[in-house]
Amino acid sequence: MSWSIQVFGMTPFAWRLPGTLFGIAMIPLIYAFARLLLKSNNYALFAAAIFTFDFMLFSHTRLATIDTFVTFFVIAMYFCMYAYTRKPLAKSSIWWLALCGAAMGLAIASKWQGVYAALGLPILFFPTLWKIYLRDKKQAIITFASCFGFFIAIPVAIYVVSYIPFVNAQGGGGLQTIWDNQVLMFRYHSYYVLDAEHPFASPWWSWPIIEVPLWQYRTIISDGVRQGMSSMGNPAVWWFGIFATGFAIFSLAKKRRHESDTIFLLVAYAANFLPWVFVTRLTFIYHYFPSVPFIVLLIALFFRHHIRRDWACFVYAGVVVALFVLFFPVISGMEVSVDYVENLRWFSRWIFV
C-alpha cells in the first residue's frame with residue numbers, strides 16, 4: 001500500500017489499489033488450488049466462479065484494509081502445503097514447504113490472524129512426515145530439519161523485515177522497538193477493547209449464518225434514494241457452506257472416499273475459524289474472510305464427488321451470481337431506492353442504507 005501511495009500519491013485510489021489487485025489474484029489462486037484438489041478443470045472453474053461472486057470478496061477487497069492480504073497468503077500457504085502432501089517424496093517437494101513457510105510469514109506479517117491459520121499446518125504436515133519416515137528415514141530427517149528454517153527462520157525474518165519502515169519512522173530502536181510494539185498490540189487486544197461496543201459487532205458463531213453484516217458506509221441522496229455499502233457473505237455460498245461442511249464431517253464418520261482431501265479442507269477451515277471461539281474482544285464478520293476460500297472448496301468437493309451433474313453446478317452457480325446482482329447496490333455503494341433495499345432486509349439486523 002505504501003508503494004502504491006508513493007506512485008499515485010496520498011489518494012483513495014492509491015490506498016485501495018493493492019487490496020483490489022490482491023483480491024483479483026485470489027481468483028486464479030483458488031482456481032489453481034481447486035484444479036489440484038479436484039483434478040478437474042471444470043470444477044476448478046466452478047470453484048473460482050462461486051468465489052468470484054461472493055459478496056465479501058468484492059466489497060472487502062475494495063477497501064484499504066489488511067484483511068485482503070492475510071486472506072491471500074492464507075490461501076497460498078495451504079495451497080503449497082497441499083501440493084507438498086500430494087507428492088512428498090518427490091525431489092522438488094521440499095520447495096513447496098519453503099514456499100509454504102514464506103506465505104505463512106507474509107500472512108502473519110500482514111495480520112496476527114495469520115497465526116490462527118498457521119496452527120493447521122503442523123496438523124497436516126506431521127502425518128505426511130511420518131509416512132515419509134516409514135519409507136525413507138534419511139529424507140524424513142532432512143525434511144524435518146529443513147522445517148526449522150522454512151517455518152521458523154523464514155517467517156521470523158519476514159516479520160522483522162516488514163517492520164523496517166515502522167522502526168525508521170520511530171527513529172530507530174531495532175528489535176526493541178519491534179518487541180515493544182508486539183506488547184502494545186497484545187495489550188490492546190487483551191485489555192483495552194474488552195469493554196468496547198459496536199452496533200455491528202458480531203460473535204464468531206453468527207458469521208456463517210450472516211446474522212450481522214458490517215454496515216460500512218452511507219450517504220443520503222434524497223428521501224427515497226441513498227448509497228450504502230456493507231460487508232457480508234453471499235447467502236448461497238455461506239449458507240450452503242454450512243451444509244457442505246456438515247456433510248464433509250458426516251462423510252468422514254461414514255469413512256467414505258476422498259477422506260484425505262476432506263480432512264485437509266476441514267483442518268484448514270477449522271484453523272481459520274475455531275480460534276475465534278476463544279477470543280473475547282470485539283469481533284466482526286470480516287474476521288471470517290480467511291475461512292471463506294475453504295468453504296468454497298468444500299462446496300466444490302461436494303459437487304465433484306457427490307452430485308456429479310453439470311446442470312446442478314450451473315444451477316447453483318446461477319443462484320450465486322443472481323444473488324450477487326440482487327445485492328450489488330448494497331455491497332458496492334451505488335445509488336439505490338430505499339424501497340428496493342427494504343426488500344433485501346431478510347433479517348432485522350441486515351441494515352444496508
*Could you check Phe289 against Leu57 for side-chain contact (heavy atoms from CB on, under 4.5 Å), going step by step and ending with a plain yes or no?*
CA-CA 8 Å; Phe289 193 15; Leu57 176 68; 4.2 Å; yes
*Carefully, step by step, assess Leu124 and Tyr84 under the rule side-chain contact (heavy atoms from CB on, under 4.5 Å).*
CA-CA 10 Å; Leu124 298 168; Tyr84 169 76; over 6 Å; no
*Applying side chain to side chain donor-acceptor pair (under 3.5 Å), run through Trp207 and Ser202 and close with a yes or a no.*
CA-CA 7 Å; Trp207 302 336; Ser202 54; 3.0 Å; yes
*Are Leu214 and Ser230 close enough, and set up right, to give a side-chain contact (heavy atoms from CB on, under 4.5 Å), and what steps lead you there?*
CA-CA 5 Å; Leu214 179 61; Ser230 295; over 6 Å; no
*Steps toward side-chain contact (heavy atoms from CB on, under 4.5 Å) verdict (Tyr316, Val237)*: CA-CA 9 Å; Tyr316 175 73; Val237 177; 4.2 Å; yes
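Heavy-atom contacts from other residues, nucleotides or ligands closer than 6.0 Å to NZ of Lys39 number more than 12. With a 6.0 Å radius and a threshold of 12 heavy atoms from other residues, nucleotides or ligands, Trp95 has its CH2 atom at or below the threshold. Within 6.0 Å of CH2 on Trp179 lie no more than 12 heavy atoms contributed by other residues, nucleotides or ligands. The environment of CG in Asn343 is crowded: more than 12 heavy-atom neighbours from other residues, nucleotides or ligands sit within 6.0 Å. Remark: Glu342 CD is packed, more than 12 non-hydrogen atoms of other residues, nucleotides or ligands lying under 6.0 Å away.
Using cut-offs of 30° and 60° for the angle between ring planes, the Phe200 and Trp215 rings count as perpendicular. Aromatic ring pairs are classed by plane angle as parallel below 30°, tilted from 30° to 60° and perpendicular above 60°; the pair Phe22 and Phe72 is perpendicular.
Nearest heavy atom pair, residue Ser40 against residue Arg304, reads CB-NE, 3.6 Å. Between Ser110 and Val70, the shortest heavy-atom distance links the atoms CB-N, 4.0 Å. Contact detail for Ala300 and Tyr43: the closest heavy-atom pair is O-CD2, 4.3 Å. Summarising the geometry of Ile209 relative to Ser206, their closest heavy-atom pair is CG1-O, 3.2 Å, with the distance given to 0.1 Å. Here the closest non-hydrogen pair linking Thr68 and Gly23 is CG2-N, 3.8 Å. Looking at every heavy atom in both residues, Leu119 comes nearest to Pro275 through CD1-CG, 4.4 Å.
No donor-acceptor pair closer than 3.5 Å links the side chain of Arg16 to the backbone N or O of Leu63. Between the side chain of Asn234 and the backbone N or O of Phe53, at least one donor-acceptor pair lies under 3.5 Å. Checking side-chain atoms of Thr245 against main-chain N and O of Ile295 turns up no donor-acceptor pair under 3.5 Å. Between the side chain of Tyr78 and the backbone N or O of Ala117 there is at least one donor-acceptor pair closer than 3.5 Å. A distance-only check finds a donor-acceptor pair linking the side chain of Arg226 to the backbone of Val353 [under 3.5 Å]. Of the possible donor and acceptor atoms, one in the side chain of Arg345 sits under 3.5 Å from a partner among the backbone N and O of Trp350. Counting only distance, with no hydrogens or angles, the side chain of Asp54 and the backbone of Ile50 share no donor-acceptor pair below 3.5 Å. Under a 3.5 Å cut-off, the side chain of Gln227 and the backbone N or O of Met334 do not form any donor-acceptor pair.
The shortest side-chain heavy-atom distance between Ser93 and Arg86 does not fall under the 4.5 Å cut-off. Under the 4.5 Å side-chain criterion, counting only non-hydrogen atoms from C-beta, Met229 is in contact with Arg62. No side-chain heavy atom of Asp261 sits under 4.5 Å from any side-chain heavy atom of Phe264. Between His287 and Gln113 there is a side-chain heavy-atom pair separated by less than 4.5 Å. You'll find the side chain of Phe352 stays beyond 4.5 Å of the side chain of Arg218, heavy atoms only. When side chains are defined from C-beta on, Phe294 counts as touching Phe33, because their heavy atoms get closer than 4.5 Å. In this structure, Leu266 and Leu298 have side chains that are in contact, with non-hydrogen atoms separated by less than 4.5 Å. Annotation: side chain of Phe55 is not in contact with side chain of Trp238 (no heavy-atom distance under 4.5 Å).
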Using distance only, find each side-chain donor-acceptor pair of residues 324-331 under 3.5 Å and give its atom names and separation, not counting sequence neighbours.
none

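Separating the OG atom in Ser146 from the CD1 atom in Ile141 is a distance of 11.5 Å, to the nearest 0.5 Å. Annotation: the span from Ile94 atom CD1 to Ile142 atom CD1 amounts to 8.5 Å, rounded to 0.5 Å. The structure places CG of Leu89 at 11.5 Å from NZ of Lys87, a figure rounded to the nearest 0.5 Å. Distance OG1/Thr71 to NE2/His60: 8.0 Å, rounded to 0.5 Å. Taking CE of Met81 as the reference point, atom CG of Leu99 lies at 11.5 Å (rounded to 0.5 Å). The distance from the CZ atom of Phe46 to the CG atom of Asp310 is 10.5 Å, given to the nearest 0.5 Å.
The aromatic ring centres of Phe240 and Phe303 sit less than 6.0 Å apart. Between Phe144 and Phe148, the distance separating the two ring centers is shorter than 6.0 angstrom. The aromatic ring centres of Tyr288 and Trp276 sit 6.0 Å or more apart. Checked against the 6.0 Å centroid criterion, the rings of Phe243 and Phe302 qualify as a close aromatic pair. Aromatic pair Trp311/Phe314: ring centres not closer than 6.0 Å. The six-membered or imidazole ring of Phe284 lies away from that of Trp204, with a centre-to-centre distance of 6.0 Å or more.
There is no path of hydrophobic side-chain contacts, each under 4.5 Å, that joins Val315 to Val320. In the hydrophobic clustering of ILVMFWY residues, with side-chain heavy atoms under 4.5 Å counting as a link, Tyr159 and Val115 come out together. Note on Ile285: it clusters hydrophobically with Phe347, by side-chain heavy-atom contacts below 4.5 Å among ILVMFWY residues. Under the 4.5 Å side-chain heavy-atom criterion for grouping Ile, Leu, Val, Met, Phe, Trp and Tyr, Val319 is connected to Phe51 within one hydrophobic cluster. Taken together through direct or relayed side-chain contacts under 4.5 Å among Ile, Leu, Val, Met, Phe, Trp and Tyr, Val225 and Ile220 form parts of separate hydrophobic clusters.
For the residue pair Tyr163 / Gln170, no side-chain donor-acceptor distance below 3.5 Å is found, with atom types taken as modelled. Defined by atom type and a distance below 3.5 Å, a donor-acceptor pair is missing between the side-chain atoms of Gln216 and Tyr286.
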